[in-house]
*Asks:* 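After the structure tokens below, expect a handful of questions from me.
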Amino acid sequence: GTDRCTAALLLDIDALSLTKGRGSRRYDYVNDRPYVASSFMSVALAKVYGSALGGKSGGHAELAASALPLEAALAVVPSSGGGELVERLFAPLGWDVDVTEHPADEQFPAWGTAKYVTVRLKGHARLQSLLEHLYVLLPVLDNDKHYWIGRDELDKLLRRGGDWLSAHPEKELIVNRYLRYQKRLATEALDHLVGEDIAEQAAVDDLEPTDVPEERVRLADARIGTVVSVLKSVGSARVLDVGCGAASLVKVLLADPSFTAVGGMDVSAGALEAAGRRLHLDRMPPRQRERLSLFQGSLTYRDDRLRGWDALTCVEVIEHLDLPRLEAFARVVFGHAKAPTVVMTTPNREYNVRFEFLEPGMLRHRDHRFEWTRAEFAAWADLVAERYGYSVRYLPVGPEDREVGPPTQMAVFTSAAQS
Ligand code: SAH
């Protein structure tokens, strides 16, 4: 017969005791932890279903080893990337994903959707796989409240994710988030999983001073990782990086065949020379060379070479433009180039207080004309999106601080004509 059973795991979390922790482990008095499935749920899964998570069963070894029709229902999951991120994380693992988004407040539709979603996963898998996927991915979804860092966390991730994580299209996002962008640990994890040398990507931008603090190298990596994840998630094939500098992003894009055409544009001839050196233009195989175009130009003048791309990326560039020129920049990028997707990053000024190498009030780079708070960036980006017919969403890059947010802020614009 078809015997089905339901196991329910209910956590009773004492919200008040959470406020007594120290440093980043302390939560606000009013917090969502008692009501959501978060990293606490992962810990509980490991405690309560430890043997199943380990693939063991006392009397039914053959059942533990076989794929079963399984269904998992999670009433409330905090997802920093909404329903879309849930889909991106679970669907590649073979789950039929059903996500229900909820309004932030039914009384105020203008507030948009909440970051809390209801999730139902259906599929045919070993119970161990389902538990492993939940164990690793729940904390990844709940990016901003996740605090695990350390050697034992890397071990846990490799133990739970060893055989499925390496094939996951979002593995970099998962590893980076799981380890909170701890570059040393993340590099080690990726090396284990794919034997890939991502240290190369960490190479300090040629344009930066040589004594760049470690933190900034890590952040440059996190930016590239997040940009690439976003591009892949929307399926952009032809990507132009504007203000490409020494081509650190262009290099990563070129190495990935799913990007069929890769462009780099910068106003600075010196930057383009450095880009050529980094990409070894002189001895690049012709097939690769055909996919690449590098050219000089300015983002504040209309230019037809900016048209026809699936996505424009603009990483740490706007803060180099004089404020009064931003209008011209927006006209060129959104009004003229009109790529279906535009990904933009800029420093989050609020985070500067966390950088030890910065004196109070200082900007991060001598050429920065301004640095924006999250509210300032969002105000500008919302306006631009509205004016040019795009929708925009915001993503954090780097370890998010509970007070001042992430070090880098990202806006992903999607043309309304597209969606
Ligand atoms: N995107 C690169 C470089 C960021 S530095 C990275 O993330 O590493 C900012 C870059 O923007 C510089 O290379 C600078 O030359 C370029 N830039 C500044 N003003 C520009 C303009 N008006 N048009 C195009 N590029 C510009």
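Computed from a prediction, not measured in an experiment: that's the story for all the values here. Read the numbers this way: they start at 1 and go in the same order the structure lists the ligands and their atoms.
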*Asks:* Taking Ala271's backbone N and O only, do any of them form a donor-acceptor pair with Ser268's side chain (distance below 3.5 Å, no angle check)?
*Replies:* yes

*Asks:* Between Glu350 and Arg374 (salt bridge meaning N to carboxylate O under 4.0 Å), is one present in this structure?
*Replies:* yes

*Asks:* Ser298 heavy atoms, cut-off 4.0 Å: which ligand 1 atoms fall inside?
*Replies:* 21 (C), 22 (N), 23 (N)

*Asks:* Under 4.0 Å from any heavy atom of Val317, which atoms of ligand 1 are there?
*Replies:* 11 (O)

*Asks:* Within a strict 4.5 Å, meaning less than it, do heavy atoms of the Gln409 and Pro347 side chains meet?
*Replies:* no

*Asks:* Just which atoms of ligand 1 are under 4.0 Å from any heavy atom in Ser268?
*Replies:* 15 (O)

*Asks:* Salt-bridge test for Asp96 and Arg120: reply yes if a basic N is under 4.0 Å from a carboxylate O, no otherwise.
*Replies:* no

*Asks:* So if I count the atoms of ligand 1 from 1 in the order they appear, which ones are less than 4.0 Å from some heavy atom of Leu299?
*Replies:* 21 (C), 22 (N), 23 (N), 24 (C)

*Asks:* N/O to N/O below 3.5 Å, does that happen between Met265 and ligand 1?
*Replies:* no

*Asks:* Within the structure, does Val315 bring an N/O atom to less than 3.5 angstrom of an N/O atom in ligand 1?
*Replies:* yes

*Asks:* Whether the side chain of Asp241 engages the backbone of Gly263 through a donor-acceptor N/O pair (distance < 3.5 Å, no angle test) should be reported.
*Replies:* no

*Asks:* Counting only heavy atoms, which portion of Leu249 has something under 4.0 Å from ligand 1: side chain, backbone, both, or neither?
*Replies:* neither

*Asks:* Hey, is ligand 1 close enough to Arg223 that some N/O pair sits below 3.5 Å?
*Replies:* no

*Asks:* Looking at Tyr301, I'd like to know if the NZ or CZ of Arg325 sits under 6.0 Å from its six-membered ring centre while staying within 45 degrees of the ring's axis.
*Replies:* yes

*Asks:* Please list, in number order, the atoms of ligand 1 under 4.0 Å from a heavy atom of Glu316.
*Replies:* 4 (C), 5 (S), 9 (C)

*Asks:* With heavy atoms of Gly297 as the reference, note each atom of ligand 1 found under 4.0 Å away.
*Replies:* 23 (N), 24 (C)

*Asks:* In plain terms, say whether Glu273 and Arg278 are close enough for a salt bridge, that is, a side-chain N and a carboxylate O under 4.0 Å apart.
*Replies:* no

*Asks:* How are the rings of Trp380 and Trp372 set to each other: parallel, tilted or perpendicular (split at 30° and 60°)?
*Replies:* tilted

*Asks:* Below 4.0 Å from any atom of ligand 1, is there a heavy atom belonging to Ala220?
*Replies:* no

